Structure formats: structure tokens, C-alpha cells
Amino acid sequence: MRLRISCRIVPLRLFLRFNMFNKRVKIKELLTWEPGNQEVTIMGWVRTFRNNQFIAVNDGSTNTNLQVLLELGKYDDDFLKRITTSAALKITGTVIPSPGKGQKLELKATSVEILGDSDPEKYPLQPKKHSLEFLREIAHLRFRTNTFGSVFRVRHALAYAIHKFFNDKGFLYLHTPIISASDAEGAGELFRVTTLPFENFPKNEDGTVNFKEDFFGRSTNLTVSGQLEGELAATAFSDIYTFGPTFRAENSNTARHLAEFWMIEPEMAFYDLEDNMNLAEEFIRYIIQHAMDHNREDLEFLAQRLEDEEKQLPQDKRSGMNLMDKLEFILKNSFERISYSEAIEILKESNHNKKKKFQFPISGWGMDLQSEHERYLVEKHFKKPVILNNYPKEIKAFYMRQNDDGKTVAAMDILVPGIGEIVGGSQREERLDKLEQRMKDMHIPEKDLWWYLDIRRYGTVPHSGFGLGFERMVQFVTGMTNIRDVIAFPRTPGNAEF
RNA sequence: UCCUGCUUAGCUCAGUUGGUUAGAGCAUCUGACUGUUAAUCAGAGGGUCGCUGGUUCAAGUCCAGCAGCAGGAGCCA
């Protein structure tokens, strides 16, 4: 019975609603108009309702609310009581100049329709400051705050700029597999992908799991990198990039790690390390410029937010530079490029080291740099982004190209203030014999990567690439200090809500 | 995973050397006011003090274990 009724009613309602949605104007656009009694329809959610007369409406197109004016006495009290924080409204009215301060125009309502009520006794967001920790617990609603509105609009702008940058340079956007049988770095914890039953999984005679019985007939996991596959495509298309989700099952509980994050991995044939660094630097500058050009209002809001937050901090914990100034600085100044060897010298000779202020003292050439060392170089010594390059081969991955000195590889990491490593890349080893030797030394089974080695057999060329952690980039541009606040629904150890 | 810290109203927090009925601001509700800008003013309701156990005449306060969260470290992007 119910079904039959809705069958008759739904198509008509759908038709009406379709028209209704088409006619509405987004608030961001409306705010640019010259008020001249134009009749428009807007839709959005109530941010605040003042004086039984002024509704601040937001539709997510901008942080600036539209002020809607209700004529006093036109609506009964029961209706006005339903105009609560986050109620969804459809309002038709005329655009008039605003006599009040704070906005040049407002919408004088001729009709107000409540599309969705919001119970004020239960709705958790209030027109006041909330802690980011609290908002993380209500990630489904935090989009409705100014901070997260700005963060996610900037995130979108950066994602768009990334595609535009590479597209305009003739790069091919390659979709590499999410399910992978190889562990690209030869290290790192993996999320296993399987359809085998939890109990009584098939075993080999020696008691190990028989993955031949598994869905893919072998052990598989979620990808930790698309790089190796990217190299395959780069040796056909010359320049490719990937932009997709990446998974690490490490039990990392920090403000800069996620179990699921997005990574951009360009891979270029006929690029040496120098070309690679040039591209990475141009790339970072381009996407920041794009956000500055298209999301200035959001960035200025975030800059102000950061400034207010830093006022609460003790002097030594403040960044000392406004977010906008910091971004401008990146655009105008080239990154510092130094070799690992030079970095060790600088650190060794630093007063910081001589006064034994490093928790991990500089033991000498060959040691892996700790984050306190990287922070010293970036935040204290150079006070700008640093591209560290030519690391000792012992502390880097097998696929990195060996330099003629026999000690180092053509690797590069880009370190930025506040975040640390944002890019890791290298020129790849294109010489088959050198690569095979390195794989033997590092106990990486050749049989799993026969296809990777094939590329070195048939028309091998010098090539390079890098990986950029997207969320870390968003952190850097928005100034958000916790990576969980720049991804919609963060996945971290012990947390996969929403 | 390790170290440190935190957990009190819907939110943000105060709570003295352990002491009788646990407070504030905001939010919510009721009323007033009406060109407001997180409106304002008056009033009201709202608490298993994270959980479990212990010490004590007496525990929000001291001790232990557990959980959750945060910051730092490692791993990395």
C-alpha cells in the first residue's frame, strides 16, 4: 500500500525539487552581487539566528554567512523556534543593501521553508570555539565549522592544482593498484588482503599459511606505494604521476602519521636527480600559488585562527611567522639544497651539538638523521625548506641510483618547517647489474620483481621520481598541526569510526 | 610500541594542606527586548567528578591497575 502511494507521488516531487535546486544561487556568488532587489532562492544551514530576525545562513561555498532578514510579526512563534543552529533552510527573497555593519548586502525573505529540523537540545555544535579534539569525535559534523570548511576547501584546491600542474606539463595520470603483492620499500608493516577464513586457514606441510588457496593465489596487501608500477609506465609515457590512497599498518601515533593517506608520486624518464629536485620545488610552489590565488579568504581565516591559537602558547613554541607570510616566503625563496655530507658537517659544527643539546649526538658520517636534526637544519639553521640529497646508500632503499663515489645514492628529501619530511624521492637505479647486486645485498627476492628488472633489460633509461604526502602538504598550507584534522575521516591505530 | 601529561555539566575549564549542599562562562529551556553581527538582559534546569579496586572516620582531591585522549620519540609521506 505504502509503495503504491509513493510511486505516484515521488516522480512529481522529484520534478519540483529538481527545478528548485536548479534555481538556487550559491552564497559565495550571491555575496559578489550589487544589491538591486533581485529575487533569488538560496539554501543552506543556519549558523546563528539573532533577534528573531536575522539568520546567518551558510551553504559551504564560503565561510562568509549570508544574512537573511525576516520581517517581524510575519511568522508565528512555533515556526521561528524551528530556526535553530544547523537547521536546513530554503529561502526565497530579494537582495537589498544592508543597513547594518558587517555586510554590504542581505536577503530580505519572502518565503522561508525548513527542509530539515535540527534539535537544539541534542545538536553538539554551538556558535562558539570548540577544541579540535572534540570536533574529531564528531567528524561527521565538523565540516560545518569555519575551520574545517576552510581546511577542506583548501584541500580540494590543492588536489585540483596537482592535477592541473601535471596535466599542463604533459604528465599522464596513472592509476596504480590498491592491492599489491610486493612491498615496495622492503620494509614497513602491511595491511593484509585476504579472503581466507580466520579459523582453519589452509596450511602448508611446514605449518605456514598456504596462500595458493587465497583469492589471488598468493599473499597480497594494501599498497604502500605506487612507485614501482609508476616506473613501468614512465618508461613508456615518459612522464606519469599517481595520486591515490596509500596504506601503512605501522603503530604510529603522531600528529603527522595516518594508516590511510593520499600520496602523489610522479615518475619521469630522462630525469636525473637535479631535474627531479627542480620539478619537486616547482610543483610545491605551483600548488601553493594556486591556493593563494583561489582560496585567499580561507587561508586568511586559517592564518588568523593559527595566530589566536599561538597566543595561548609559550613564546618558544610559537612559529613566529604568520601563515600567509610563511606561504609568501616559500613562493619567493628557493629551497636550500645541501648534501647529506654537508648536513652532517653543519650539525657537527653547530653550537647546539657542541653544547650537547641533541638527544642523539652527531656520531659522524653514515648515521641516520633524527627528526631533531632535521628540525634544527630547517627551523634553526636555514629557516626555510631544505632539500637534503645524496644520502649514504646504507640508510636508503634498494632502487636508488648509486653514485660514483660508491658510498652514496642519488636520493633527496624535502624538509619543511613544522612538518618535517614532505617529499622523499630519488633518481632510480637504471643499470641492471648494479640494481641486481644491490637487491642481493639487501636480500630482496628478484623473482617477485622480475617485471621491475625487465624495465632495465629493454630500453632502460635514467629516470627519477618522488612521493609527496598529500595530507602533510595540506597541513603545511593550512597550518593545521595535527594530520587528523586535514583528512575527512582519519584512520589511525585503534580508530576507524565513520 | 616507548616516555610524559590529561580525564569534573552538552562544550571549555576552576575546584585550596583530603572535610559537610561540587562551581563559572558558553550552550539549552522560559520570559523580556528588537537593525542584530558568537545580539543583549532576567530567571530556570542540567553532575555515577573516565572505569575498577585500595588507603582513610571522611576521596573530585592520596595510591594501584585499566581505558580513552593529547604532546613528544621511533617508523615514515
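Owing to the predicted nature of the structure, the values given are computational and were not obtained by experimental measurement. Every chain is numbered from 1 and lettered A, B, ... according to where its sequence line falls, protein lines coming before strand lines.
Side chain of R428(A) to main chain of R401(A): no donor-acceptor pair is present (N/O by atom type, distance under 3.5 Å, no hydrogens or angles). Although no hydrogens or angles enter the test, the distance criterion places a donor-acceptor pair under 3.5 Å between the side chain of R491(A) and the main chain of E497(A). The main-chain N or O of D298(A) is never found under 3.5 Å from a side-chain atom of N295(A) such that the two would form a donor-acceptor pair. With T145(A) contributing its side chain and R142(A) its backbone, the two residues share a donor-acceptor pair below 3.5 Å. In terms of modelled atom types and a separation under 3.5 Å, the side chain of S98(A) and the main chain of E106(A) share no donor-acceptor contact. Proximity of a side-chain donor or acceptor of N63(A) to a complementary backbone N or O of N146(A) within less than 3.5 Å is detected.
Nucleotide A14(B) has no partner under the Watson-Crick or G-U criteria, as no pair reaches both atom distances under 3.5 Å. Look at A64(B): its Watson-Crick or wobble partner, with both distances under 3.5 angstrom, is U52(B). Of all nucleotides present, none satisfies the Watson-Crick or G-U wobble test against G46(B) with each distance under 3.5 Å. U34(B) is unpaired under the Watson-Crick or G-U wobble criterion, no partner having all donor-acceptor distances under 3.5 Å. Applying the Watson-Crick and G-U wobble criteria (two distances, each under 3.5 Å), C57(B) pairs with G19(B). Pairing for C76(B) is absent, with no Watson-Crick or G-U wobble pair whose two atom distances lie under 3.5 Å. Base pairing analysis places A39(B) opposite nothing; no Watson-Crick or G-U wobble pair with both distances below 3.5 Å involves it. With a 3.5 Å ceiling on both atom-pair distances, the Watson-Crick or G-U wobble partner of C69(B) is G5(B).
Note on ring orientation: taking the six-membered ring where Trp is involved, the planes of F358(A) and Y376(A) are perpendicular (angle over 60°, cut-offs 30° and 60°). Between F283(A) and F165(A), the ring-plane angle classifies as tilted under the 30° and 60° cut-offs.
Across the protein-nucleic acid pair, L135(A) atom CG and G10(B) atom C1' stand 13 Å apart, rounded to whole Å. Nucleotide A77(B) holds its C1' atom 5 Å from the CZ atom of F261(A), rounded to whole Å. When the P atom of C26(B) is taken as reference, atom NZ of K128(A) falls 10 Å away, rounded to whole Å. Rounded to whole Å, the distance from OH on Y75(A) to P on U34(B) is 19 Å. Taking atom CD of residue E133(A) and atom C1' of nucleotide U7(B), one finds them 12 Å apart after rounding to whole Å. Between the C1' atom of A77(B) and the CD1 atom of I422(A) lies a distance of 9 Å, rounded to the nearest Å. Atom CZ of R136(A) and atom C1' of U7(B) are 16 Å apart (whole Å). Between K122(A) atom NZ and A27(B) atom C1' there is a gap of 16 Å when expressed in whole angstrom units.
Heavy atoms of I419(A) sit nowhere under 4.0 angstrom from any nucleic acid atom. Looking at heavy-atom distances under 4.0 Å, L69(A) makes contact with a base. When heavy atoms are screened at a 4.0 angstrom cut-off, Q67(A) is found touching base atoms of the nucleic acid. Heavy atoms of R47(A) sit nowhere under 4.0 angstrom from any nucleic acid atom. Within 4.0 Å of N65(A), counting heavy atoms only, lies no atom of the nucleic acid at all. At the heavy-atom level, S252(A) lies under 4.0 Å from base atoms of the strands shown. The residue T85(A) sits apart from the nucleic acid: no heavy atom pair falls under 4.0 Å. H130(A) comes within contact range of the sugar-phosphate backbone alone, with a heavy-atom separation under 4.0 Å but no base atom that close. Within the nucleic acid shown, F134(A) comes within 4.0 Å of sugar-phosphate atoms alone, with no base atom in reach, counting heavy atoms only.
If you check the side chains of S61(A) and E29(A), you find no donor sitting under 3.5 Å from an acceptor.
Separating the C1' atom of A64(B) from that of U28(B) is a span of 40 Å, rounded to the nearest Å. Going from the C1' atom of U30(B) to that of G45(B) covers 10 Å, rounded to whole Å. Nucleotides G31(B) and A24(B) are separated by 23 Å at their C1' atoms, to the nearest Å. Separation of the P atoms belonging to G10(B) and C75(B) is 42 Å when rounded to the nearest angstrom. Spacing of P atoms, A32(B) relative to A14(B), comes out at 38 Å, to the nearest Å. U12(B) and G18(B) have their C1' atoms separated by 27 Å, with the value rounded to a whole Å. Taking atom P in both U48(B) and G23(B), the straight-line distance is 15 Å, to the nearest Å. Going from the C1' atom of G60(B) to that of U8(B) covers 7 Å, rounded to whole Å.
Atom NZ of K104(A) sits in a crowded spot, with more than 12 heavy atoms from other residues, nucleotides or ligands closer than 6.0 Å. Under a cut-off of 6.0 angstrom, the local environment of NZ in K74(A) is crowded, with over 12 non-hydrogen atoms contributed by other residues, nucleotides or ligands.
The listed nucleotides are C11(B), C75(B), G35(B); the one nearest the side chain of R256(A) is C75(B). Of the candidate nucleotides A38(B), A77(B), C75(B), A77(B) has the atom lying nearest to any side-chain atom of I483(A). You'll find that the side chain of Q53(A) is closest to U34(B), out of U12(B), U34(B), A73(B). Closest to the side chain of Q370(A), from the set G74(B), U30(B), U28(B), is G74(B).
With the nearest nucleotide of RNA chain B identified for both P120(A) and T481(A), P120(A) has the one nearer the 5' end. Where T84(A) and D368(A) each meet RNA chain B at their nearest nucleotide, the meeting point lying more 5' is that of T84(A).
The cationic group of K169(A) does not satisfy the cation-pi geometry with Y286(A), failing either the under 6.0 Å distance to the six-membered ring centre or the 45° limit from the ring axis.
With hydrogens and angles left out, the side chain of R484(A) and the base of C69(B) share no donor-acceptor pair within 3.5 Å. Taking only distance into account, the side chain of Q126(A) meets the base of G10(B) through a donor-acceptor pair shorter than 3.5 Å. The base of U36(B) is not paired with the side chain of N51(A) by any donor and acceptor separated by under 3.5 Å.
Distances shown here put a side-chain N or O of T48(A) below 4.0 Å from the OP1 or OP2 atom of A39(B). Phosphate contact (OP1/OP2 of U36(B), side-chain N/O of R50(A), threshold under 4.0 Å): absent. Side-chain nitrogen and oxygen atoms of N482(A) include at least one within less than 4.0 Å of the OP1 or OP2 phosphate oxygen of G71(B).
Contacts between residues 92-111 of chain A and RNA chain B, defined by a heavy-atom separation under 4.0 Å, are made by S98(A), P99(A), G100(A), K101(A), Q103(A), E106(A).
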